[in-house]
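Chain letters run A, B, ... following the sequence lines, proteins first and then strands; every chain starts at 1. Quick note: numbers below take in every heavy atom, side chains included, and nothing from hydrogens, waters or symmetry partners.
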Number of protein chains: 2
Amino acid sequence: MGLSRREEIILAATELFAKHGFHAVGMRAIADAVGIRGSSLYHYFPSKLDLLHAIALDSTRAFIETQLPDVESIPSHAGRLRQLLRAHILYFHEHRQEEAVGLRELQELRENAPERYIEIQSIRRVYQTGLERIISDGIDAAEFVYDDAHLATLAVLGLVNSVNDWFRETGRYSIDEVADAYCDIAVSRILGARSVR
Amino acid sequence: MGLSRREEIILAATELFAKHGFHAVGMRAIADAVGIRGSSLYHYFPSKLDLLHAIALDSTRAFIETQLPDVESIPSHAGRLRQLLRAHILYFHEHRQEEAVGLRELQELRENAPERYIEIQSIRRVYQTGLERIISDGIDAAEFVYDDAHLATLAVLGLVNSVNDWFRETGRYSIDEVADAYCDIAVSRILGARSVR
DNA sequence: GCAAGCCTAACGAACGTTCGAACGGGTGTC
DNA sequence: GACACCCGTTCGAACGTTCGTTAGGCTTGC
């Protein structure tokens, strides 16, 4: 139990926010899940919105920092893209609650704390730009066959992000099977990469 | 203004739920948008949850009923799929607020009115089954090249549903361009249909 | 005079948040 | 070793507000 109280709170709040939504969960419910009283939460976070901000920022940063650097060493564009998308799907599966909160409750920050929304969005943009760069380079190198790198990026992102909408641990596929199949759809089919392994 | 008061309420509530979320919008706010008092809403809906149910059911049924029958007359599987996906994207764009509520707040019904959740889910399943049938038939007829109709259906659905996550009227594409491009990605690239027009 | 439609008023509960006090372990002083 | 002191942590109680909902009465058109 190397968890600090602050981390315990973030963990419990993430789970509750992901399951019921930000506004459906009261501070007292979060405190109950940790085993303290509602008022004690304010020792760690000045407001409920700050708590949401901490969750969204942590999850966004954690994803970007662990995923992007790993692909630099792979030689082919198709290989880099495949590796990145695979890591994306697996990470989003492993941290699906954090990412669900990060995606769904962002507009809450947008309305009530615009500068924090922009902060998180700009981090997200780094990732999307990096992905688009890989695709764009692959097109220039004639490794991919598609004429619009921007639209292809959006399509591929929409595809891989949709896994969490339907995937269940108890279903007919394992997450590894889905990751493989979706990467193949994105790299070989959508982008038309031919010689990849 | 052929709108009945009941329809006005549904319209206003849809807009507010889509923008702020179900729990963030109070009955008084909905009433304000219509120009009546909060208590008057209970003349039309017995509870807030019933109002949400009406929105989710209406939007789901309207989509299914207007989309599915249209494609029966088209000869090729690829043509049917293309037409269906195109209508899907355009419909989801035109009714993006209703569909956003229908997608995001469904778990609210799932927790607090399970039988209504099942009702809506079963309608949705009709559509997904119909889509999978088209894809499956196309594979059997060797018009599509993919080995898993179920996974292909999920991928294609995830792809077309993702448009509303990023599309903005003021962006660089029109919705028609996006619909064309995404249909092409789904039909020609993911499913590998060759001779289509 | 009936019913639909809308109102005011109020209910108890829950909301996010604030406040001041109490607890308990560690440190410094005698 | 005993003592006072501090500070991180938690608590109970309460603040004012808003929540979903109910009850009852007024107006209007058939």
Mind calculating the distance between [atom1] ([X]) and [atom2] ([N]) to the nearest angstrom?
X     : N      : atom1 : atom2 : result
A:E8  : D:dT9  : CD    : P     : 12 Å
A:L52 : C:dG16 : CG    : P     : 12 Å
B:H20 : D:dC19 : NE2   : P     : 12 Å
B:I9  : C:dG5  : CD1   : P     : 10 Å
B:Y42 : D:dG24 : OH    : C1'   : 17 Å
A:R6  : D:dT9  : CZ    : C1'   : 16 Å
B:L41 : C:dT8  : CG    : P     : 14 Å
B:K48 : D:dT22 : NZ    : P     : 15 Å

What is the nucleic acid contact for [X], judged by heavy atoms within less than 4.0 Å: base, sugar-phosphate only, or nothing?
X     : value
B:S39 : base
B:R37 : base
A:V34 : nothing
A:Y44 : sugar-phosphate
A:R28 : base

Please determine whether a side-chain nitrogen or oxygen atom of [X] lies at a distance below 4.0 Å from atom OP1 or OP2 of [N].
X     : N      : result
A:S40 : D:dC11 : yes
A:H43 : D:dT10 : no
B:R5  : C:dA4  : no

Item to check | Side chain to side chain, B:I185 and A:R189, heavy atoms closer than 4.5 Å | outcome: no
Checklist entry - Just wondering, do A:L81 and A:V71 contact through their side chains at under 4.5 Å, heavy atoms? => result no
Checklist entry - Charged N to carboxylate O under 4.0 angstrom, A:E99 versus A:R96? => result no
Item to check | Check: B:F63 ring centre within less than 6.0 Å of B:H88 ring centre | outcome: yes
Next on the checklist: So if I take every side-chain heavy atom of B:M27 and compare against C:dC6, D:dT21, C:dG16, which nucleotide ends up nearest?
Outcome noted: D:dT21
Checklist entry - Just one of A:E108, A:Q107, A:R110, A:H53 clears the side chain to side chain donor-acceptor pair (under 3.5 Å) bar with A:Y117, so which one? => result A:R110
Next on the checklist: Assuming nearest nucleotide by heavy-atom distance, tell me which of A:I36 and B:L49 is located more 5' along DNA chain D.
Outcome noted: A:I36
